[in-house]
Amino acid sequence: MSERLQVPRGTYDVLPQDAGARAALEATARRILEGAGYARIETPAFEHTEVFARGVGASTDIVQKEMYTFDDGGGRSVTLRPEGTAPICRAYAEHGMHKLPQPVKLWYLSSFFRQEKPQAGRFRQFWQVGAEAIGSDDPAVDAESIVLLSTLLDELEVGGLRLRLASLGTLAARHAYREELQAYLRAHADELSADVRERIDLNPLRAFDSDHPGTRAAMAGAPLLLDHLDADDAAHFAAVRELLDRAGIAYEVDPTLVRGLDYYTRTVFEFTSDALGAQSGVGGGGRYDGLVEMLGGPATPGCGWAAGIERMLLAAGGMPVAAPPVDLYVAFDDAAGSRAAAFAVADEARSARLHAQLELAGRSRKGQLKHADRIDARYVAVVSDDTTVLRDRHAGEQHGVPTGDVVAWILRERGMR
RNA sequence: GUGGGCGUAGCUCAGCUGGUAGAGCUCCUGGUUGUGGUCCAGGCGGUCGCGGGUUCAAGUCCCGUCGCUCACCCCA
């Protein structure tokens, strides 16, 4: 035997026993999002690398070290999509969707790829459901986005949820703040942990999350981005909060909430679950008012979110999904040469829209009946050329039926029930 | 990239101080039963992750390596 192959690191097979829960999640997402007027979109699994380099931001971890980038064979650099928002904004610009009624509301359920070291709730190919509303800067868009994700998580019974909310202001305000924070950190460098000190240039905001005592003390006096919003951004944030309050959505304002993609402006939010391990984020998103323009489209506001399928399923616990009912299981005696007759019965049953399964494993009579029990078939037909023994497993009775009449007999019985 | 834990049948796992592999479940067959479920018997299935080393002898000890997993970082 050759060496046994296995899936690449960070990927997994969705086996039949797990497919039901995923299908149920997809159905729930579809109902909620399409009910709110979102239409499904599917973009390619890979894009020109430029889409992410410009959209997600060249300085982010995603672009710097997590992308699967390769030559497409013709000298162009392409990248397996690491996230969904930039490709959708690329599509919005490419197809001139600014001429449609605004905002254009789109949802997706797709797989994404990041070259990270896998751990609980983190994979190299992972699935996200997401929603984007592009073309309006109304605070109601932000609030509606959050409410939709909140509804989805509630309906999926994702446990231990917490919602954190912040506003990043405009890109300009954010960059100005970043420099101010870096200056503050450098001024207090001797009070900070080595870890935080090393990251002043790369990720100064992380200093807020440190549990190092000296760092915590120093950060108590650090400037906060929320205090630096201009009047429009502050008003926008206040409006979003008011709508959430009226909708009865519980949240906490977290001035240190950062998201690792450069395109966010104004509102950002994240749902976490304490039912997960270290990767506690189940879903999050925010507003990205400059993104469409960065990708070559007209200046267009937008807002959206994405939630991890694996993490939602993990935090929701496995909800068992019933197997589809089997109406008829067609058994036969191969030694008696009844295979062809049985094959015809199964075929006819399926034409009549019955869920029918044919014996395919050469089982003994006992094995066939055991299998009928295992798949919980309503009827078992033991077929021979002329006469079939048709057993109603629920009623516990059986009849001899001419083989040609088996399907008609079942349909008639079912009509009478 | 760094660190912790783990790698024995499809699954869950036993194999004590080294002596050339076991159980339960699953699947299949036969018997029993009311033609299923129960019960009994049998069968399929493993180069003990891989490669070296020590030894008369290694799943069991030593070294290396690969894989899985959890955590750091970051994110969904």
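Residue numbering restarts at 1 for every chain, and letters A, B, ... go by the order of the sequence lines.
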Review point. What's the NE2-P distance between A/H399 and B/U35, to the nearest Å?
Key: 18 Å
Exercise for review: Counting Watson-Crick and G-U wobble pairs only, both distances under 3.5 Å, name the nucleotide matched with B/C48, or none.
Suggested key: none
Check your understanding: Do A/Y92 and A/E132 get their side chains close enough for a donor-acceptor pair, meaning under 3.5 Å?
Key -> no
Point to revise | Residues A/D392, A/R378: salt bridge by 4.0 Å N-O rule | key: yes
**Study point:** Stretch residues 104-116 of chain A: residues that reach within less than 4.0 Å of RNA chain B through a heavy atom
**Key:** A/R114, A/E116
Check your understanding: Are A/R81 and A/E42 close enough for a salt bridge, meaning some N to O gap below 4.0 Å?
Key -> yes
Check your understanding: Any N or O donor-acceptor pair linking the side chain of A/Q368 to the base of B/U35 at under 3.5 Å?
Key -> no
Point to revise | B/C74 base / A/Q64 side chain donor-acceptor hit below 3.5 Å | key: no
Exercise for review: Could you tell me whether A/E83 contacts a base, only the sugar-phosphate backbone, or nothing, with contacts defined as non-hydrogen atoms closer than 4.0 Å?
Suggested key: nothing
Please tabulate the protein-to-nucleotide N/O contacts below 3.5 Å involving nucleotides 36-44 of chain B, giving atom names and distances.
residue	atom	partner	partner atom	Å
B/G36	N2	A/D373	OD1	3.1

Practice item. Classify the nucleic acid contact of A/A307 as base, sugar-phosphate or nothing, counting any heavy atom under 4.0 Å across all strands shown. Key: nothing
Exercise for review: Select base, sugar-phosphate, or nothing to describe what A/G277 touches, counting heavy atoms under 4.0 Å on all strands.
Suggested key: sugar-phosphate
Check your understanding: With sequence neighbours left out, what residues match A/R287 under salt bridge (charged side-chain N to carboxylate O under 4.0 Å, His left out)?
Key -> A/D142, A/D289
Review point. Applying a 3.5 Å limit to both distances, which nucleotide forms a Watson-Crick or G-U wobble pair with B/G1?
Key: B/C72
